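See below for the structure under consideration.
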Amino acid sequence: MSQPLFALVDVNNFYVSCERVFAPKLEKVPMVVLSNNDGCAVARSAEVKALGVKMGAPWFQIKDLAKIHGIQAYSSNYTLYADMSQRVVDILKQFTSQLEVYSIDESFLRIDTVLQHHASPTALGLGIKERIKDWTGLPVCVGMGSSKTLAKFANHLAKKYSQWQGVCDLNTLSKSELHQWMSEVEVGEVWGIGHKLAKRLQVMGVKTVWDLVQVSPQAMRLHFGVVMERLCYELRGVSCLELEEVAPPKQQIIASRSFGKLVTSFEDLSESIATHTSRAAEKLRLQNSVAGAITIFIQTNRFMSREPQYAQSIVLPLVTPTDDTLVLITAAMKGLEKIFKGGFRYKKAGVVLNLIADKPNLQPSLFDDPKSRGQSAHLMKAIDEINTKFGQSILKPAATGTKKSWEMRSGNRSPNSTTHWNQLPIAY
DNA sequence: TCTGGGGTCCTAGGACCC
DNA sequence: TCTGGGGTCCTAGGACCC
């Protein structure tokens, strides 16, 4: 088995580039794409990045700058982006079948297995770049290295330094050249090193990527844990992270939104929660899954430090895992009743569905002895109250057990088995 | 005045089991 | 009343990613 060679293909300024494909006059125009409610910038063109606008910067903070420099702002169009993303993936599959779709605008490719068809990795990278540009209009950069982390790093170089012309294969570098490039880049740019870790590393004197390559992975494990150790090996060219060609089943589905205007009433919140639940349930059915529990959360505006703050969530285990919207909404409403507190101005509400696919140990039996499991007292109490109040066993006291008993249950799931749920009053 | 949405993994600690 | 090792499961919180 040869040493692996990974490529990371990443669309430049993806959302912005998508908009430009359909409005070529926007080429070279400084522009941003805004998040929901037009709250903050989730994509920036190169011109805007050059002005120092950070990812996620709130729109109201960059408005003045926008006026001065003529920055155009667009609301996001995720349907369009998803479609463009699929086109890019389809093209990448023409180059290799070993592909991991990492995000809406990034894919990892295993390319050492297809190099015989190309003059060099760089030639392959240029081929990918050109075909995507020709067929979709989107600009990409390609980074290549012996591990996924190195491919990411190479992609960073390809994006940031124009002499690479969009394609960087680290293996073409001599040791001293690699040393130089790694010394050039701050440690916080490394995939897996965020704000906090970067700070801690800097305190230790590890400031650049090169510094991190110099320290011993074992020592880093002691200080930071196994993730950092793996990362160190990856940077040294020892591949620890495999290509995930088949996406593992989702463990949770989230549906949440910030409110355009703050809301105060239970009615408004329940309407929002019902909508989110219904959206989440749709996604759930799309992937043929069922939820074993549903989480509801509500919160005030955390940025308004002078306002009274409140954030609460509740996990509601379901007696029978389900994908039924009405059942889920019913449970959600009961959850909301538990956590709602009047007198606050709410900014955000949301729903999390916890899927059973990845929780083989979840056992939905209502007859589990709750005392036999580590079940928190307050949750037990909440479940009790809800069941008493509504006279129905909608929530189960324990969610643990063996895989076997769950499988028995799920095998028995029939369209009619949830009928009684639908007869429950919907509380909104 | 105005600050997104959707995910994953790891760790520590409590509660329980034999 | 105190004593042990080995293990599972769950939750909460922290950190990261795009």
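When reading the values below, keep in mind they use all heavy atoms of this one structure, side chains included, and skip hydrogens, waters and symmetry mates. The chains referred to below are lettered A, B, ... by the order of the sequence lines, with proteins before strands, and numbering in each begins at 1. Note that the structure is predicted; figures quoted are calculated from it, not measured.
- Residue order along DNA chain B, read from the 5' end via each residue's closest nucleotide, puts Arg306(A) first among Arg306(A) and Ile253(A).
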Requested in this report: For the pair Ser103(A) and Asp105(A), evaluate side chain to side chain donor-acceptor pair (under 3.5 Å) and give the outcome as yes or no after the intermediate values.
Outcome: CA-CA 5 Å; Ser103(A) 78; Asp105(A) 72 330; 2.9 Å; yes
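- For Trp191(A), taking side-chain heavy atoms from C-beta onward, the closest of the listed nucleotides dC9(B), dC18(C), dG4(B) is dC18(C).
- Considering only side-chain atoms of Gln61(A), the nucleotide from dT3(B), dC10(B), dG4(B) that sits closest is dT3(B).
- Rounded to whole angstrom, the span from the CG atom of Leu231(A) across to the P atom of dT8(B) amounts to 20 Å.
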Query raised in the report: Can you check side chain to side chain donor-acceptor pair (under 3.5 Å) on Asp38(A) and Ser75(A), steps first, answer last?
Result: CA-CA 6 Å; Asp38(A) 292 344; Ser75(A) 296; 2.8 Å; yes
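- Using a 4.0 Å heavy-atom distance criterion, Arg279(A) is classed as a sugar-phosphate-only contact.
- The residue Lys152(A) sits close only to the backbone: its heavy atoms come under 4.0 Å of sugar-phosphate atoms, none of a base.
- For Lys283(A), whose side chain is taken as the heavy atoms from C-beta onward, the closest listed nucleotide among dC18(C), dG6(B), dG4(B) is dG6(B).
- As rounded to whole Å, 13 Å separates atom C1' of dC17(C) from atom CG of Leu241(A).
- Under a cutoff of 6.0 Å and an axis angle of 45°, Lys347(A) and Phe259(A) do not form a cation-pi pair.
- Pair assignment for dC18(B): dG5(C), on the basis of Watson-Crick or G-U wobble contacts that are both within less than 3.5 Å.
- Checked by atom type and distance alone, the side chain of Ser147(A) pairs as donor or acceptor with a backbone atom of Glu234(A) at under 3.5 Å.
- Counting non-hydrogen atoms under 4.0 angstrom, Ala57(A) reaches nothing in the nucleic acid.
- Aromatic rings from Trp181(A) and Tyr161(A) are positioned such that their centres are separated by under 6.0 Å.
- Among the atoms of the strands shown, only primed sugar atoms or phosphate atoms (P, OP1, OP2) are found under 4.0 Å from some heavy atom of Met304(A).
- Here dC9(B) presents its C1' atom at 11 Å from OH of Tyr102(A), a figure rounded to the nearest Å.
- Distance CG (Leu197(A)) to P (dG14(C)): 14 Å, rounded to an integer number of Å.
- Between Phe266(A) and Phe340(A), the distance from one ring center to the other falls under 6.0 angstrom.
- Between dG5(B) and Ser258(A), a contact under 4.0 Å exists linking OP1 or OP2 to a side-chain N or O.
- Heavy atoms of Asp105(A) sit under 4.0 angstrom from primed sugar atoms or phosphate atoms, though from no base atom.
- Comparing Gly56(A) and Val226(A) by the nucleotide of DNA chain B whose heavy atom lies nearest to each, the residue mapping closer to the 5' end is Gly56(A).
- Taking 4.0 angstrom as the limit, Arg230(A) places a side-chain polar atom (N or O) nearer than this to OP1 or OP2 of dC10(B).
- Val351(A) comes within 4.0 angstrom of nothing in the nucleic acid, heavy atoms only.
- For the pair His195(A) NE2 and dA15(C) C1', the interatomic distance rounds to 12 Å; values are reported in whole Å.
- Taking atom CD of residue Glu229(A) and atom C1' of nucleotide dC10(B), one finds them 14 Å apart after rounding to whole Å.
- Residue Trp59(A) is classed as having no contact, given no heavy-atom separation below 4.0 Å to the nucleic acid.
- Under 4.0 angstrom from either OP1 or OP2 of dA15(C) there lies no side-chain N or O belonging to Lys199(A).
- If you check every strand for non-hydrogen atoms under 4.0 Å, Gln252(A) touches a base.
- For the pair Lys347(A) NZ and dG4(B) P, the interatomic distance rounds to 7 Å; values are reported in whole Å.
- The CD atom of Glu189(A) lies 11.0 Å from the NZ atom of Lys152(A); values are rounded to the nearest 0.5 Å.
- The interatomic distance linking Lys63(A) (NZ) with dT3(B) (P) rounds to 11 Å, in whole Å.
- The C1' atoms of dG4(C) and dC17(B) are separated by 14 Å, rounded to the nearest whole Å.
- Between Arg257(A) and the phosphate of dG6(B), there is a side-chain N or O to OP1/OP2 separation shorter than 4.0 Å.
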